[in-house]
Amino acid sequence: MSHPLIEKFSRAGQAHIFAFFDRLSPEAQRALLAEAAEIDLAEVERLTRTLLTKGATAGIDLEGLAPAPYERRPEHGGDVAAWTRAKAVGEAALRMGRVAAFTVAGGQGTRLGYDGPKGTFPVTPVRQKTLFQVFAEKILAAGRRYGKPLHWFIMTSHANHAATEAFFAENKCFGLDRGRVHFFRQGRMPAVNFDGKIMLETPGSLALSPDGHGGSLRALDRSGALDLMKREGVDTLSYFQVDNPLVRCIDPAFIGWHVSRQSEMSSKMVPKAYAEEKVGHFCTQRGQTIVVEYSDLPMEVQRETDASGQLRYLAGSIAIHVLDREFVRHIAAGSEGVALPFHRADKKIPTIDASGAVVKPDKANGVKFEMFVFDALPFAKNPVVIETLRADDFSPVKNAEGVDSPQTCRDDQLRQFARWLHANGAAIETDRSGKPAHAIEVSPLFGYDADSFADAWKKLSPPPAIRDGLYLA
Ligand code: UTP
């Protein structure tokens with residue numbers, strides 16, 4: 001066997017990925033060569049050298065670290081007039097068609113253990129709408145409200161791209177204009193064993209996995225999405241994750257804070273519920289805004305309180321951002337000193353042994369490399385962090401059971417519907433947690449936030465009785 005790519009891998013000490021090459025069919029050989037061609041060997045070598053050596057994960061430097069400032073909600077002492085102004089600015093941007101929605105849906109969703117793209121998972125309490133349908137309807141409704149239909153970019157992975165596109169086609173894009181829904185794949189990275197050797201998943205394929213949600217910035221650029229946005233006059237991207245149906249995909253106040261402060265990247269925070277809560281923390285260090293993961297911030301620091309007894313590192317990240325288009329391009333270009341770093345995650349990686357037999361490891365046997373989108377924050381000019389109410393923005397489906405599961409998410413949706421009804425004078429019975437006695441559902445096409453709900457509710461005459469299965473559409 002001789003091929004320039006095989007020789008290149010040999011020179012890099014990675015010849016073993018072709019150990020079974022001669023036994024593969026010509027088609028399988030071509031497929032393996034195509035996968036190998038995707039690999040940036042210099043990058044793998046650099047990551048192995050920097051992230052695999054002992055001490056590489058020794059935690060962050062705490063020098064000069066401080067909690068990041070953020071804009072408090074009006075309910076928590078924030079400036080009411082400033083929030084009102086921000087909302088007006090955001091609404092104007094929406095009316096001008098400057099905003100697009102962006103969902104990162106390339107994850108593997110291993111914790112949920114659902115067979116299929118996570119966005120096709122049913123989540124709503126009555127109609128069992130899928131995550132994708134909920135977002136689609138929110139985006140459709142926001143487009144109608146502001147008189148400008150929005151573009152929606154959806155980042156998939158190699159594993160779920162075809163299934164995601166097929167799902168939207170089957171469902172006629174849930175009423176959205178097909179020409180405004182754009183799918184593109186994120187990049188992949190090879191897994192390596194603890195000696196830095198690229199792993200094979202089968203004799204004819206590499207152990208490749210998505211390059212993390214931070215890969216979305218490169219992928220937006222590479223896919224032509226940024227150019228499309230530019231042609232369409234869109235300069236602002238509303239970024240959210242596929243697993244959180246509560247998210248205000250299109251939030252005028254958030255967009256307005258971002259636009260009026262000329263921010264390149266803005267973020268939402270929620271006050272941490274308790275010191276040990278596993279979220280990233282918005283911090284500042286050496287004049288930059290950064291997110292420090294819970295695993296990197298010593299517990300005694302996470303437990304620090306201020307004079308009023310409140311946690312000092314209160315601002316938890318919930319992975320909701322607004323991004324400036326040209327800022328994304330700048331980061332994607334990865335010029336000297338501006339590229340997103342990779343993080344190391346030790347995982348159980350299905351692989352093969354020396355004879356080519358399948359190995360299903362029961363403990364971590366290798367390392368995946370991922371980029372995180374929040375690592376773009378330190379590069380952003382004028383970053384803004386605003387507070388949001390958890391109950392109105394964040395209830396992810398991560399696990400099959402327990403915290404952040406379909407059950408907790410369903411209950412949080414029910415509580416939100418009940419709050420909207422209650423705020424508009426409907427007699428609705430709830431328990432002490434605010435959960436209604438009846439399973440009800442509000443279609444985003446009826447109301448997708450407190451304002452749009454109030455407008456639609458006013459028009460109902462007489463208002464419907466609250467009963468099990470009530471669906472407002
Ligand atoms: P998570 O960190 O929850 O990962 O992703 P996950 O892959 O969905 O789930 P687990 O950890 O395997 O259980 C948060 C968001 O980032 C997206 C996910 O689709 C989700 O919206 N994501 C994650 C990507 O788009 N690409 C990635 O490489 C990783």
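What you are looking at is a predicted structure, and each value in this text was computed from that prediction instead of being measured. For ligands, and for the atoms within them, numbers begin at 1 and follow the listed sequence. Residues take their numbers from the sequence shown, with the count starting at 1.
Looking at atom 16 (O) of ligand 1, its nearest protein heavy atom turns out to be His213 CD2, 3.5 Å. Distance from atom 12 (O) of ligand 1 to its nearest protein heavy atom, with residue and atom name: Thr110 OG1, 2.3 Å. Shortest contact from atom 19 (O) of ligand 1 to any protein heavy atom: Gly107 N, 2.9 Å. Of the protein's heavy atoms, Gln186 OE1, 2.6 Å lies nearest to atom 26 (N) of ligand 1. What sits closest to atom 3 (O) of ligand 1 on the protein, heavy atoms only, is Lys398 NZ, 2.7 Å. Counting protein heavy atoms only, atom 11 (O) of ligand 1 is closest to Arg111 NH2, 3.0 Å. Protein heavy atom closest to atom 25 (O) of ligand 1, with residue, atom name and distance, is Gly106 N, 2.8 Å. The protein heavy atom nearest to atom 6 (P) of ligand 1 is Gly109 N, 3.6 Å.
Under the 4.0 angstrom criterion for non-hydrogen atoms, Glu370 is not in contact with ligand 1. Residue contacts with ligand 1 leave out Gly215, since none of its heavy atoms falls under 4.0 Å from the ligand.
Defined by atom type and a distance below 3.5 Å, a donor-acceptor pair is missing between the side-chain atoms of Ser405 and Asn399. In the model, Lys8 has no side-chain atom that pairs as donor or acceptor with a side-chain atom of Gln14 under 3.5 Å. Side-chain polar atoms of Asp324 and His258 form no donor-acceptor pair below 3.5 angstrom. There is no side-chain donor-acceptor pair under 3.5 Å between Lys268 and His321.
Looking at ligand 1, you'll find an N or O of Val104 within less than 3.5 Å of one of its N or O atoms. At least one N or O atom of Gln108 sits closer than 3.5 Å to an N or O atom of ligand 1. The shortest N/O to N/O separation between Met155 and ligand 1 does not fall below 3.5 Å.
The cationic atom of Arg73 (NZ for Lys, CZ for Arg) lies less than 6.0 Å from the six-membered ring centre of Trp83 and within 45° of the ring axis.
Residues Thr164 and Thr120 fail the side-chain proximity criterion, which asks for heavy atoms closer than 4.5 Å.
Less than 4.0 angstrom separates some heavy atom of Gln241 from each of these atoms of ligand 1: 14 (C), 15 (C), 16 (O), 21 (O). Within ligand 1, the atoms closer than 4.0 Å to a non-hydrogen atom of Val242 are 19 (O), 21 (O), numbered from 1 in the order shown.
The side chain to side chain contact (heavy atoms under 4.5 Å, CB included) test applied to Ala357 returns Asp353, Ser355, not counting sequence neighbours.
In this structure, Phe174 and Phe167 have tilted ring planes: the angle between them lies in the 30° to 60° band. Ring geometry, Phe372 versus Phe374: the interplanar angle falls from 30° to 60°, so the pair is classed tilted.
Residue Met199 forms a side chain to side chain contact (heavy atoms under 4.5 Å, CB included) with just one option from Ile17, Asn365, Val359, and that option is Asn365.
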